[in-house]
Each structure stands twice: as C-alpha cells, then as structure tokens.
Amino acid sequence: MKLVKTGINKLDEMLGGGIPKKASITISGPGGSGKTILATQFLVNGARMFAEPGLYISLEEDKETYLTSISNFNFKINALMSEGLFMVVDMPPHEVSQLVDIRNPVKELIEEFGISRVVIDSIMPLAIAYNTDVERQRGFLQLIQNIRKWDTTTIIISEDTRQRNEVLPSTKYGIENLTQGWIHLYYEKKKTGQRERLLEIIKLKGMKHSSKAARFKITEDGIVFK
C-alpha cells in the first residue's frame, strides 16, 4: 500500500506510516482545536517536502480571509502558490453544490494542475444545502464518489457534536462514516483550569494505527506534538 506522509513525524507514526494514497479522511473537532491548521500543514508539507501540489477548497470563508487567518504561521504559502504547489479556491454558498455535480469543475482543476492533495473546509455549507437527511446522505455519497475520481488524498473538515458520556465522538452531519479515515482533535481541561489539545485517530482502514491520544500545541510552525 502506497502511503502519503503528512510530514508531521509524530502523526505519521501514529497513522502507521502515513495516509493510504487516494484515501479520504475526516478531521473533526470543536472550534479552535486546530483543524484548519492541521489540514493546511498537510498541504504545505506535501508541497515543500515532496513537491506534491495541493488544493485548498474553502467553503466557509473567502480566499483572502483564509490566507489572512494563516499568515502568522511560518508556512510561506505565497511562495508555494507562486511555484504552483499550493492553490486556494473559495466557493460561495450558491456554488457548493458543484462539488456533488458529476461534471464538477474541481476535477478539471485537479487534472490541469496535477493536484495530488486536497482539503475541503468544511462540510457544513454543503450539508445545510439539503432539506432532509436523506437528501444530505445522497449528496455526501455522491461527493465521496466524485472524490474517488479525483485520484487525490483528500481531507474533509467537520466540526464535532459534543455529547455527554460518549464512547466515541461524532460530527453533526456524519461525514466520518463515509470516509476511510477519521482524525479527531479535542480539548482536555486540567485541574489548573488550562485546556490542553489532544489528537486521536479514530479509524484508518487498512492500517495498524495508534489508538492512544497524543497531546499537541499550536506554534508558529503549526501543530507540534509534546
């Protein structure tokens, strides 16, 4: 099995070596837990370490807002963009349905620029475009089918739904049930009142991954494990 490395040593170790090539992965967690940063690192490291072009599809905010939000990190995305190794496209609410269109323009973009890594941030705008759960499920299934045709390793971001006494976390729209992998970020409150960030791999089909949560912090270089 060919593996795609995230370039984050501890995470690749936890994954069992990396993410299976062309797999789709859900990254979930509450607001501020580091989902967008982790997904961005996945693309940045792919471009910088392995010369693999990446595409960031922003559904929640426009391109400039996204780039501004990560400008304080040492990702040097502008340089990667000028080299054609990092692309950002935004889709306003009335365009998100294009992702589930059989003739969606994303596939053409991927083929034209040789994209091998994709991030969709986040699933929420697409999810609320449907009136019923049945319609939403059909839309998600079509999205996953389209992603398979892209031949990319893809991350889909989703916020979680907080539950009491949960055995497993869950996300509001259940996209994690359709992807091959699931990485969950969350907080743990210490006795001192401080919150620590943790990462756990809930599933990764075909891989012997770690079942232990790992503590991490967010620095100017992105996510760093303790």
Side-chain angles (χ1 to χ4, degrees), residues 4-15 18-19 25-93 96 109 113 115-125 152-160 162 171 183-190 192-201 213-226:
V4 172
K5 293 186 178 297
T6 67
I8 305 172
N9 291 336
K10 176 66 175 180
L11 179 56
D12 285 330
E13 180 184 326
M14 293 174 67
L15 291 165
I19 299 171
I25 304 291
T26 299
I27 291 182
S28 66
S33 59
K35 302 184 295 298
T36 295
I37 296 169
L38 178 57
T40 299
Q41 271 184 272
F42 170 71
L43 297 186
V44 168
N45 289 347
R48 187 174 294 153
M49 298 178 179
F50 310 107
E52 296 177 357
L55 170 64
Y56 205 100
I57 304 173
S58 180
L59 304 186
E60 287 194 24
E61 56 190 9
D62 60 54
K63 177 179 177 178
E64 294 306 318
T65 301
Y66 164 70
L67 291 174
T68 299
S69 70
I70 58 171
S71 62
N72 291 327
F73 295 93
N74 297 326
F75 293 150
K76 300 180 180 178
I77 285 179
N78 288 335
L80 294 174
M81 291 175 68
S82 66
E83 295 172 23
L85 290 171
F86 195 109
M87 295 185 65
V88 182
V89 298
D90 50 25
M91 288 188 174
V96 295
L109 191 65
F113 293 95
I115 302 295
S116 58
R117 300 186 182 208
V118 173
V119 168
I120 299 174
D121 186 5
S122 72
I123 198 64
M124 184 270 289
T152 60
T153 306
T154 305
I155 285 175
I156 302 174
I157 295 178
S158 180
E159 289 208 358
D160 66 352
R162 187 173 182 180
T171 70
I183 298 173
H184 183 60
L185 311 181
Y186 62 100
Y187 296 104
E188 182 178 84
K189 195 168 185 179
K190 301 174 68 176
T192 59
Q194 293 180 317
R195 293 183 185 274
E196 283 197 321
R197 292 181 170 91
L198 290 93
L199 179 150
E200 184 177 359
I201 300 166
R215 299 179 188 279
F216 69 91
K217 59 183 179 179
I218 296 176
T219 72
E220 291 182 350
D221 295 319
I223 284 179
V224 176
F225 285 89
K226 296 183 177 180

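All values below were derived from every heavy atom in this structure, side-chain atoms included, with hydrogens, water molecules and symmetry-related copies excluded.
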| request: Using the side chain to side chain contact (heavy atoms under 4.5 Å, CB included) rule, take Glu159 and Met124 through it: C-alpha gap first, then chi angles, then the decisive distance, then the call. | output: CA-CA 8 Å; Glu159 289 208 358; Met124 184 270 289; over 6 Å; no

| How about Ser28 and Thr26: does a side-chain donor come under 3.5 Å of a side-chain acceptor? | no

| task | Flag yes if more than 12 heavy atoms outside Asp62 fall under 6.0 Å of its CG atom; otherwise flag no. | result | yes

| query | Is any side-chain heavy atom of Thr40 closer than 4.5 Å to a side-chain heavy atom of Val119? | reply | no

| task | Say whether, by atom type as modelled, one donor and one acceptor occur between the side chain of Gln41 and the main chain of Ile223 under 3.5 angstrom. | result | yes

| field | Smallest separation among heavy atoms of Gly84 and Pro53, with atom names | value | O-CB, 4.0 Å

| Checking side chain to side chain contact (heavy atoms under 4.5 Å, CB included) for the pair Ile8/Leu38: CA distance, chi angles, key distance, verdict? | CA-CA 9 Å; Ile8 305 172; Leu38 178 57; 3.6 Å; yes

| task | Start with the C-alpha gap between Leu15 and Ile201, add the side-chain angles, then the distance that decides, and say whether side chain to side chain contact (heavy atoms under 4.5 Å, CB included) holds. | result | CA-CA 7 Å; Leu15 291 165; Ile201 300 166; 3.5 Å; yes

| request: Report yes if the side chains of Phe42 and Thr153 come closer than 4.5 Å at any heavy-atom pair, otherwise no. | output: yes

| request: Give the C-alpha distance, both sets of side-chain angles, the deciding distance and a yes or no for side chain to side chain contact (heavy atoms under 4.5 Å, CB included) between Arg48 and Lys76. | output: CA-CA 10 Å; Arg48 187 174 294 153; Lys76 300 180 180 178; 3.7 Å; yes

| query | If you round to the nearest 0.5 Å, how far is NZ of Lys35 from CD1 of Ile157? | reply | 7.0 Å

| task | Return the minimal non-hydrogen interatomic distance between Glu60 and Pro125, and the atom names on each side. | result | CG-CG, 3.8 Å

| note | Separation between CG (Asn78) and CZ (Phe86), nearest 0.5 Å, reads 10.0 Å

| query | Roughly how far, to the nearest 0.5 Å, is the CD atom of Glu196 from the NZ atom of Lys226? | reply | 3.5 Å

| Beyond-backbone contact of Lys10 with Phe216, side-chain heavy atoms, under 4.5 angstrom | no

| So, for Ala213 and Leu198, which heavy atoms are closest and what is the spacing to 0.1 Å? | CB-CD2, 3.9 Å

| field | ring pair (Phe, Tyr, Trp, His ring centres under 6.0 Å) partners of residues 58-81, not counting sequence neighbours, each pair once | value | Tyr56-Tyr66, Phe73-Phe75

| pair Thr152-Ser116: side-chain heavy atoms closer than 4.5 Å | no

| Reported NZ-to-OG1 distance for the pair Lys63 and Thr68, which is rounded to 0.5 angstrom | 11.5 Å

| Heavy-atom pair of closest approach, residues Met14 and Ala214 | SD-CB, 3.7 Å

| Enclosure of Lys189 NZ (heavy-atom neighbours >12, cutoff 6.0 Å) | no

| message | What's the separation between atom OG1 in Thr154 and atom CD1 in Ile57, rounded to the nearest 0.5 Å? | response | 8.0 Å

| message | Check whether Asp12 reaches the backbone of Thr6 with its side chain - one donor and one acceptor, N or O, closer than 3.5 Å. | response | yes

| Nearest heavy-atom pair of Pro30 and Asp160: which atoms, and what distance? | N-OD1, 3.4 Å

| Is there a donor-acceptor pair under 3.5 Å between the side chain of Arg117 and the backbone N or O of Glu52? | no

| Considering all heavy atoms of both residues, which atom of Ser122 and which atom of Leu59 are nearest to each other, and what is their separation? | O-CD1, 3.2 Å

| task | Calculate, to the nearest 0.5 Å, the distance between atoms CD1 and CG belonging to Ile120 and Leu55 respectively. | result | 9.0 Å

